[in-house]
Protein chains: 2
Amino acid sequence: MYSKATLFDEHLSRLADAAKALSHPARLMILSVLAKRGTCICGDIVDELPLAQASVSRHLKVLKEAGLIQGEIDGQRSCYCIDGKSVERLRTELGQYLEELPGAEGACC
Amino acid sequence: MYSKATLFDEHLSRLADAAKALSHPARLMILSVLAKRGTCICGDIVDELPLAQASVSRHLKVLKEAGLIQGEIDGQRSCYCIDGKSVERLRTELGQYLEELPGAEGACC
DNA sequence: CCCATTAATCGTATAATTACGATTATAGAA
DNA sequence: TTCTATAATCGTAATTATACGATTAATGGG
């Protein structure tokens, strides 16, 4: 109906999508768990999160679609890890975007 | 029903909320417009966005609640500007969080 | 072959987000 | 006072996100 994709600049849309991937504490927690433990099977993550397996699986999917993690099937498990390159790229782009916002130091008007 | 606020670590919840404020291209665009023009009245922003006045007003509210912009009533207008300190703080915190995610360079498993 | 384990997906319910037009409230101009 | 301009809010509709339990699919063990 109302299409963000066409109404807004491509770059802004991509950045917004990336921010959205980070916009839920469960997803940040998953990233932290992966960072701490290196490589995890899904169950490891489920054990550390206060959510049901199905919910964690969804969050993993969101992170994977955003490219922030990799996941591959390993036997009957699924193995996840952080995609360091993507995270780094996001960190740079987001940081750059925020840095280029001058921000009038004083009060408004 | 399911309370993010209590289920997750306070720091992660705050970071996620901040990311959520950045998770819509209209809001990023508003920040860009404010950065470019310094200080704006609401109408200036409405003129530059492909959205109705009511919608822009809502996005402004979200940004204000997240502390990323300041807004004050100036006569019959409303005057907005970026809150440079908050943006800088967010940039630092988000950057730090992402930087501390090691990210196993190689493949998964 | 049968069973257990693992994790993705389905079905569904609820909540949050987003959008618009219409309305309201305020302040300045005439 | 009355009219205009500005911007917030209301009411509502549509979409998206989130959660859970149940189911499914696939692998490996016995």
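Order of the sequence lines sets the chain letters (A, B, ...), proteins ahead of strands, with each chain counted from 1. No hydrogens, no waters, no symmetry mates; every other heavy atom, side chains included, goes into these values.
Spacing between atom CD1 of I45(B) and atom P of dT6(D) amounts to 14 Å, rounded to whole angstrom units. If you measure from atom CD1 of I30(A) to atom P of dA7(C), you get 13 Å, rounded to the nearest angstrom. Rounded to an integer number of Å, the gap from CG of D17(A) to P of dT17(C) is 17 Å. Put simply, CG on L60(B) is 12 Å from P on dA19(C), counting in whole angstrom units. Rounded to a whole Å, the CG atom of D44(A) is 10 Å from the P atom of dT6(C). The distance from atom CG of L49(A) to atom P of dT18(D) is 14 Å, rounded to the nearest whole Å. Distance, R58(A) CZ to dT18(D) P: 9 Å, rounded to whole Å. At whole-Å resolution of the value, CD in Q53(A) and C1' in dT6(C) are 8 Å apart.
Between G43(A) and K4(A), it is G43(A) whose nearest contact on DNA chain C lies nearer the 5' terminus. Comparing R77(A) and H24(B) by the nucleotide of DNA chain C whose heavy atom lies nearest to each, the residue mapping closer to the 5' end is R77(A). For the pair K61(B) and A26(A), nearest-nucleotide mapping onto DNA chain D gives the more 5' position to K61(B). Judged by closest nucleotide on DNA chain D, P50(A) is the one of P50(A) and I73(A) placed further toward the 5' end.
Using a 4.5 Å cut-off on side-chain heavy atoms (C-beta onward), L49(A) and I30(A) make contact.
Residue A52(A) is in sugar-phosphate contact alone, with no base atom involved, counting any heavy-atom pair closer than 4.0 Å across all strands shown. Residue K20(B) is in sugar-phosphate contact alone, with no base atom involved, counting any heavy-atom pair closer than 4.0 Å across all strands shown. Among the protein residues, L51(B) comes within range of the sugar-phosphate backbone only, with heavy atoms under 4.0 Å from sugar or phosphate atoms but none that close to a base. Here I41(A) lies in heavy-atom contact (under 4.0 Å) with sugar-phosphate atoms only. Contacts of S78(B) with the nucleic acid, taken as non-hydrogen atoms under 4.0 Å apart, involve only primed sugar atoms and P, OP1 or OP2. Using a 4.0 Å heavy-atom cutoff across all strands shown, S55(B) reaches at least one base atom of the nucleic acid.
OP1 or OP2 of dA17(D) has not a single side-chain nitrogen or oxygen of H59(A) nearer than 4.0 Å. Within the 4.0 Å cut-off from OP1 or OP2 of dA8(C), at least one side-chain nitrogen or oxygen of Y80(A) is found.
By the 4.0 Å N-to-carboxylate-O rule, R91(B) lies close enough to E88(B) to be salt-bridged with it.
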Are S86(B) and R89(B) close enough, and set up right, to give a side-chain hydrogen bond (donor to acceptor under 3.5 Å, both in side chains), and what steps lead you there?
-> CA-CA 5 Å; S86(B) 289; R89(B) 184 163 46 245; 3.3 Å; yes
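Side chain of A54(A), nearest nucleotide from dT26(C), dA19(D), dG21(D): dG21(D). The side chain of R27(B) sits closest to dT18(C) out of dC20(D), dC20(C), dT18(C).
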Identify all side-chain donor-acceptor contacts of residues 56-64 of chain B below 3.5 Å with residues at least two apart in sequence or on another chain.
| residue | atom | partner | partner atom | Å |
| --- | --- | --- | --- | --- |
| H59(B) | ND1 | R27(B) | NH1 | 3.0 |
| K64(B) | NZ | G71(B) | O | 3.0 |

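Using modelled atom types, one side-chain atom of Y97(B) and one backbone atom of L28(A) make a donor-acceptor pair closer than 3.5 Å. With hydrogens and angles disregarded, a donor-acceptor distance shorter than 3.5 Å links the side chain of D44(B) to the backbone of I41(B).
Not a single donor-acceptor pair, N or O on each side, falls under 3.5 Å between the base of dA7(D) and the side chain of Q76(B).
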